[in-house]
Amino acid sequence: AQRVTQPEKLLSVFKGAPVELKCNYSYSGSPELFWYVQYSRQRLQLLLRHISRESIKGFTADLNKGETSFHLKKPFAQEEDSAMYYCALISGGYQKVTFGTGTKLQVIP
Amino acid sequence: EAGVAQSPRYKIIEKRQSVAFWCNPISGHATLYWYQQILGQGPKLLIQFQNNGVVDDSQLPKDRFSAERLKGVDSTLKIQPAKLEDSAVYLCASSHGGEKLFFGSGTQLSVL
């Protein structure tokens with residue numbers, strides 16, 4: 001069965017410091033991984049997907065199949081990055097989406 | 001485009017009562033998901049529809065939860081009877097091809 005693990009419930013960093021939100025997964029097939037974000041009082045929304053290899057709002061994430069990880073990184077944190085971040089895995093023919101428990105990122109001014 | 005609509009926004013009931021949630025997905029989205037998010041946890045998939053058919057309900061407590069998606073558009077999720085541990089936010093999401101989910105605002109349920 002698929003599983004997504006986010007080991008940190010809360011990550012606090014100072015503005016301008018680098019950010020790394022950890023995500024590890026367990027899946028026997030070929031994984032498709034995503035990061036979703038929920039800003040205060042807003043809906044959960046897609047931030048980025050590994051297949052696109054894109055940078056959104058300065059964030060990047062690289063899929064490491066050897067370490068089964070998909071960590072989210074940003075070189076310089078901004079106050080507006082403060083939010084809940086969820087790592088997610090798509091699996092199966094019907095595209096089942098499994099979420100991790102989430103990490104709250106708090107950027108200290 | 002219009003987003004995923006959910007109602008009600010909040011609901012407070014007593015244990016053993018019944019409650020129903022409604023979701024209107026984005027037009028044209030074949031896949032509809034219901035997630036339960038308990039405070040401090042990630043969203044947990046309850047049921048997934050492809051058009052009006054169920055493709056995954058493995059984590060739906062079928063003794064008390066039920067869901068339907070008539071005509072492959074709107075969906076309702078029902079809990080009968082509710083328990084204290086059902087207190088959570090119930091999220092509806094839809095997608096066109098499964099890769100990007102669009103979420104509603106959620107229904108916050110409190111069971112007293």
Side-chain angles (χ1 to χ4, degrees), chain A residues 1-10 21-27 29-54 56 63 70 72 83-105, chain B residues 1-7 9-10 21 23-26 29-60 67 69 72 88-108:
Chain A
Q2 63 278 4
R3 187 182 182 94
V4 178
T5 303
Q6 294 180 252
E8 304 142 326
K9 278 196 172 292
L10 172 66
L21 300 169
K22 291 183 167 52
C23 172
N24 288 88
Y25 67 90
S26 172
Y27 180 53
S30 183
E32 291 186 56
L33 286 142
F34 302 76
W35 278 98
Y36 279 79
V37 61
Q38 188 167 27
Y39 300 103
S40 180
R41 298 187 187 88
Q42 294 187 27
R43 303 179 182 199
L44 196 55
Q45 58 186 290
L46 179 67
L47 179 62
L48 56 78
R49 64 194 84 178
H50 93 268
I51 201 166
S52 300
R53 302 188 66 80
E54 58 201 345
I56 303 293
L63 177 61
F70 187 58
L72 184 68
M84 282 294 299
Y85 291 81
Y86 295 93
C87 185
L89 168 73
I90 280 190
S91 60
Y94 287 110
Q95 308 278 282
K96 177 178 180 177
V97 184
T98 302
F99 286 86
T101 50
T103 298
K104 182 176 182 178
L105 175 64
Chain B
E1 60 185 359
V4 176
Q6 285 189 251
S7 67
R9 190 74 177 87
Y10 304 93
F21 313 126
C23 173
N24 185 14
I26 291 172
H29 281 192
T31 310
L32 185 147
Y33 308 78
W34 281 102
Y35 283 89
Q36 179 193 58
Q37 187 171 22
I38 293 171
L39 189 64
Q41 300 182 20
K44 171 187 154 187
L45 180 67
L46 292 176
I47 189 166
Q48 180 179 341
F49 292 93
Q50 185 77 16
N51 296 307
N52 61 345
V54 176
V55 298
D56 191 321
D57 63 357
S58 56
Q59 297 189 93
L60 186 74
R69 191 184 183 196
V89 175
Y90 290 84
L91 295 168
C92 179
S94 70
S95 71
H96 180 63
E99 286 197 354
K100 179 177 180 179
L101 269 59
F102 293 83
F103 282 87
S105 300
T107 295
Q108 186 169 326

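In what follows, every heavy atom counts, from backbone to side chain, and hydrogens, waters and symmetry copies are set aside. Residue numbers start from 1 in every chain, and the chains themselves are labelled A, B, ... in the order their sequence lines are given, proteins ahead of strands. Note that this is a predicted model, so its numbers are computed, not measured.
Residue B/Gly42 comes nearest to A/Tyr86 through the heavy atom pair CA-CE2, 3.8 Å, listed as atom of the first residue, atom of the second, then distance. The minimum heavy-atom distance linking B/Pro43 with A/Gly100 is given by the pair CD-O, 4.3 Å. For the pair A/Val97 and B/Tyr35, the tightest heavy-atom approach, listed with the atom from each and the gap, is O-OH, 2.8 Å.
Going from atom OG1 of A/Thr101 over to atom CD of B/Gln37 covers 10.5 Å, rounded to the nearest 0.5 Å. If you take CG on A/Leu46 and OG on B/Ser95, they are separated by 11.5 Å, rounding to the nearest 0.5 Å. Summarising the geometry, atom CZ belonging to B/Phe103 is positioned 6.0 Å from atom OH belonging to A/Tyr36; distances are rounded to the nearest 0.5 Å. The structure places CG of B/Leu101 at 5.5 Å from CZ of A/Phe99, a figure rounded to the nearest 0.5 Å.
In terms of heavy-atom pairs under 4.5 angstrom with chain B, the leader among A/Lys104, A/Lys96, A/Met84 is A/Lys96.
Within 6.0 Å of CG on B/Leu39 lie no more than 12 heavy atoms contributed by other residues, nucleotides or ligands.
Side chain of A/Arg43 to main chain of B/Gly3: no donor-acceptor pair is present (N/O by atom type, distance under 3.5 Å, no hydrogens or angles).
For A/Lys9, the part lying near chain B is the side chain, with the backbone staying farther off; criterion is any non-hydrogen pair under 4.5 Å. Neither the backbone nor the side chain of B/Gln6 comes within less than 4.5 Å of any heavy atom in chain A. Only the backbone of B/Gln41 has a heavy atom closer than 4.5 Å to any heavy atom of chain A.
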